[in-house]
Amino acid sequence: MKTLDGDGLSKRFKSSFWCGTPTLYSDDAQKYAWLKGLNMPHQRVFVVHEYQKKAMSDSETIRSVLWASAEMPERTLVFNGRDWHIDEAILLPPNTTVFIDGCAIIQNDGVFDNVFRGANLTLDPANPYGFPLDVKPLENVRILGQNGAKITGCEKNRQGFHPVLGVTQDMTGDFWGWRTLMISLSLCDGFEVAGLDISRTRCWAMSFDMCSNGSAHDLAIRSDVKNGDGVNFRAGCHHCSAYNIEGFTSDDTVACTALLAPAVAYPHRNYLYPLEPTRTLYEKYEPRALDIHHIRVSDIRTGGRCHGVICLAAGGAQVYEIDIEDVRESEEGHRASTVKLYTGYYGGYNEGDLHDIRVRGVTGTQSDFALECNCRMENVVFEDIAHNGGPERVYSVADWQGIRRL
C-alpha cells in the first residue's frame, strides 16, 4: 500500500497545503508544522496526549481536546505516541483534520458506535440509533494517517436481541443501522480519508451520504462481517474519488449506491435501524439532487466476496459520469463479479438511470464474471475487460443496448 510518509504523500494531499505557519503551542505540536494548515491558515495543532490527565479515559481526553478547540475556526488533532482506546464515536466539527501518526485508534469491547462521525447530527434522545432529528451541513473534514496508522473495531462486539430474527447476535452488519459504520460522514462538502489500515470493521469501513468534493485513498481494508463494504458513496454524493485501495472486503470494496427507498418505520423487515442518517432529509430535495455523479474509482486491488466495485440505482435515482479504472482481483475469496452495474432492491428503475459510465482495465480472478450488468443503460463504455478464468467469464450482460466495447 502507498503510505503517506514524507515524499510519499499524494500530490492531491500535498497541493492542499497552505504555505504559511500554523499556530503551534508545544514542542510536540511543532513536529507537525509540516501539515501547514491544509488550506486552514488559522488552525491550531492539538496533540491529544498533552490533554490527558490522571484517571481520564481516552475518550474523555479526546472530548477535552474537542472542547478546548471548539472556539478555533480550524483545528488539527494529532494522535501519536501510543494506541488510543475509545468508548464512543469521535465527533468531528467543520474544518477539522485528524492526523494519526504511527498508532491505532481501537474501539473497546462492546462499543456500539462509529469510530468517527461528523458532529452535525442532532440525535433523537428517544431513539438515538434511529433517524436523527436533523443533519446540518458539514465541511472540510480530513482523517489522515502515516507510519502504519490504524483504525480497528472491537475485538468482542456488543450483543443484542434481534426481535425480528428472534436471536441474540453480535450487533454488527447492516441490520443494526448507521452506528455500525466505522467512519460516517453525512452532508459533508470537502473530505479526505487516507493513509489508514482499517480492520475488524463492524459493517462498512466508511460511508458518505450526501457528501461532495472528497476522496478516500491509500487505504488497506480488512473486513469479515455481514455487509462489510469498504468505501460506500450513498445517495446525493458527487465529485468524489476512491483510489489505491487494497485488502479483503466481505462485501463490495467500493460502492456507488443510489437507493431512493420509500420512508419506512423501523424495524423494517430484518433492518432494525436506518443506514443513512440523511434519509430523513430526502423529502426536502428534488430527486436529481439525490443522484450519484462525477465519481472516479481507480487502482482497486482487493479480494473478497460480492463485488469489487458496484454502481447501483433504484427508486428513480440516477448514477452517472462514473469512471472506473484498474480494478484487479486478488485470488482470495469468491465474488459474483469484479465490477457490477445494476438495479435491485426497491424497484422503480427507469431505463437509462445508469448512464455515462466508463469501465476500463478490469481483470477478474476468482469472480464468476469480470463485469456484470442486469439492466438497460445508456452511453456506457467497456474497455480492456478480462478474466483469468477465460473469455466465457468476462461478461454477464442482460442488455447490450446503450453499451460500447472498445
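Note that the structure is predicted; figures quoted are calculated from it, not measured. Numbering starts at 1 and runs along the sequence shown.
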Please, which pairs that meet salt bridge (Lys or Arg N to Asp or Glu O under 4.0 Å) have at least one residue in [range], sequence neighbours excluded?
{"range": "residues 396-406", "result": "Arg376-Asp399"}
{"range": "residues 247-257", "result": "none"}
{"range": "residues 91-111", "result": "none"}
{"range": "residues 126-137", "result": "Asp134-Lys136"}

Report yes or no: does [X] contribute a side-chain atom to a donor-acceptor pair with the main-chain N or O of [Y] at less than 3.5 Å?
{"X": "Trp204", "Y": "Gly228", "answer": "no"}
{"X": "Thr278", "Y": "Leu281", "answer": "no"}
{"X": "Asn114", "Y": "Phe116", "answer": "no"}
{"X": "Gln366", "Y": "Glu332", "answer": "yes"}
{"X": "Arg393", "Y": "Ser367", "answer": "yes"}

[X], [atom1] atom: more than 12 neighbouring heavy atoms under 6.0 Å:
{"X": "Lys226", "atom1": "NZ", "value": "yes"}
{"X": "Glu286", "atom1": "CD", "value": "no"}
{"X": "Glu155", "atom1": "CD", "value": "no"}

* Residues two or more places apart in sequence or in another chain: which of them pass salt bridge (Lys or Arg N to Asp or Glu O under 4.0 Å) with Glu378? -> none
Heavy-atom distance under 4.5 Å between the side chains of [X] and [Y], does that happen here?
{"X": "Asn80", "Y": "His49", "answer": "yes"}
{"X": "Phe175", "Y": "Leu165", "answer": "yes"}
{"X": "Leu121", "Y": "Leu91", "answer": "no"}
{"X": "Phe46", "Y": "Arg75", "answer": "yes"}

Quick one: closest heavy-atom pair of [X] and [Y], and the distance?
{"X": "Asp229", "Y": "Ala255", "answer": "OD2-CB, 4.0 Å"}
{"X": "Ile292", "Y": "Phe233", "answer": "CD1-O, 3.4 Å"}
{"X": "Ala314", "Y": "Leu259", "answer": "CB-CD2, 3.7 Å"}
{"X": "Gly190", "Y": "Cys188", "answer": "O-SG, 3.6 Å"}
{"X": "Gly230", "Y": "Ile221", "answer": "CA-CD1, 3.9 Å"}
{"X": "Gly110", "Y": "Arg158", "answer": "O-NE, 3.0 Å"}

If you measure from [atom1] on [X] to [atom2] on [Y], what distance do you get to the nearest 0.5 Å?
{"X": "Arg179", "Y": "Leu275", "atom1": "CZ", "atom2": "CG", "answer": "13.5 Å"}
{"X": "His387", "Y": "Ser337", "atom1": "NE2", "atom2": "OG", "answer": "9.5 Å"}
{"X": "Ile183", "Y": "Ser207", "atom1": "CD1", "atom2": "OG", "answer": "10.5 Å"}
{"X": "Cys256", "Y": "Arg234", "atom1": "SG", "atom2": "CZ", "answer": "10.5 Å"}
{"X": "Cys375", "Y": "Asn350", "atom1": "SG", "atom2": "CG", "answer": "11.0 Å"}
{"X": "Phe369", "Y": "Ile385", "atom1": "CZ", "atom2": "CD1", "answer": "14.5 Å"}

Could you tell me whether [X] and [Y] make a salt bridge, using a distance below 4.0 angstrom between a side-chain N and a carboxylate O?
{"X": "Arg301", "Y": "Asp326", "result": "yes"}
{"X": "Arg222", "Y": "Asp224", "result": "no"}
{"X": "Arg358", "Y": "Glu325", "result": "no"}

* Asked: How far apart are the C-alpha atoms of Ile245 and His217, what are their side-chain angles, what is the distance that settles it, and do they pass the side-chain contact (heavy atoms from CB on, under 4.5 Å) test?
  -> CA-CA 6 Å; Ile245 299 173; His217 62 92; over 6 Å; no
* **By side chain to side chain donor-acceptor pair (under 3.5 Å) - contacts of Thr257 (at least two apart)** => Asn232
* **With sequence neighbours excluded, residues passing side chain to side chain donor-acceptor pair (under 3.5 Å) with Thr302** => Thr253, Arg335
Under the ring pair (Phe, Tyr, Trp, His ring centres under 6.0 Å) test, which residues partner [X], sequence neighbours left out?
{"X": "His294", "result": "His239"}
{"X": "Trp176", "result": "His162"}
{"X": "Phe382", "result": "Tyr395"}

* Using the side-chain contact (heavy atoms from CB on, under 4.5 Å) rule, pick out the option among Leu187, Leu185, Asp189 that qualifies with Leu138. => Leu185
* Asked: Parallel under 30°, tilted from 30 to 60°, perpendicular over 60°: which one fits the rings of Tyr320 and His293?
  -> parallel
* To do: I would like to know whether Arg200 and Thr152 meet side-chain hydrogen bond (donor to acceptor under 3.5 Å, both in side chains); could you show each step before the answer?
  => CA-CA 6 Å; Arg200 288 207 309 248; Thr152 307; 5.6 Å; no
* Asked: Should Ile100 and Ile105 be marked as a side-chain contact (heavy atoms from CB on, under 4.5 Å) after you check the CA-CA gap, both sets of side-chain angles, and the distance that decides it?
  -> CA-CA 8 Å; Ile100 306 169; Ile105 296 180; 3.7 Å; yes
* To do: Give the intermediate values and the outcome of side-chain contact (heavy atoms from CB on, under 4.5 Å) for residues Phe248 and Ser330.
  => CA-CA 9 Å; Phe248 178 99; Ser330 73; 5.9 Å; no
* Asked: Which residue pairs satisfy the side-chain hydrogen bond (donor to acceptor under 3.5 Å, both in side chains) criterion with at least one member in residues 259-275, sequence neighbours excluded?
  -> Asp174-Tyr271
* Would you list the pairs meeting side-chain hydrogen bond (donor to acceptor under 3.5 Å, both in side chains) in which at least one residue belongs to residues 82-92, sequence neighbours left out? => Gln52-Arg82, Asp58-Arg82, Arg63-Glu88, Asp87-Asn108
* Go through the steps for Cys311 and Leu354 under the test side-chain contact (heavy atoms from CB on, under 4.5 Å), then give the verdict. => CA-CA 8 Å; Cys311 293; Leu354 288 163; 4.0 Å; yes
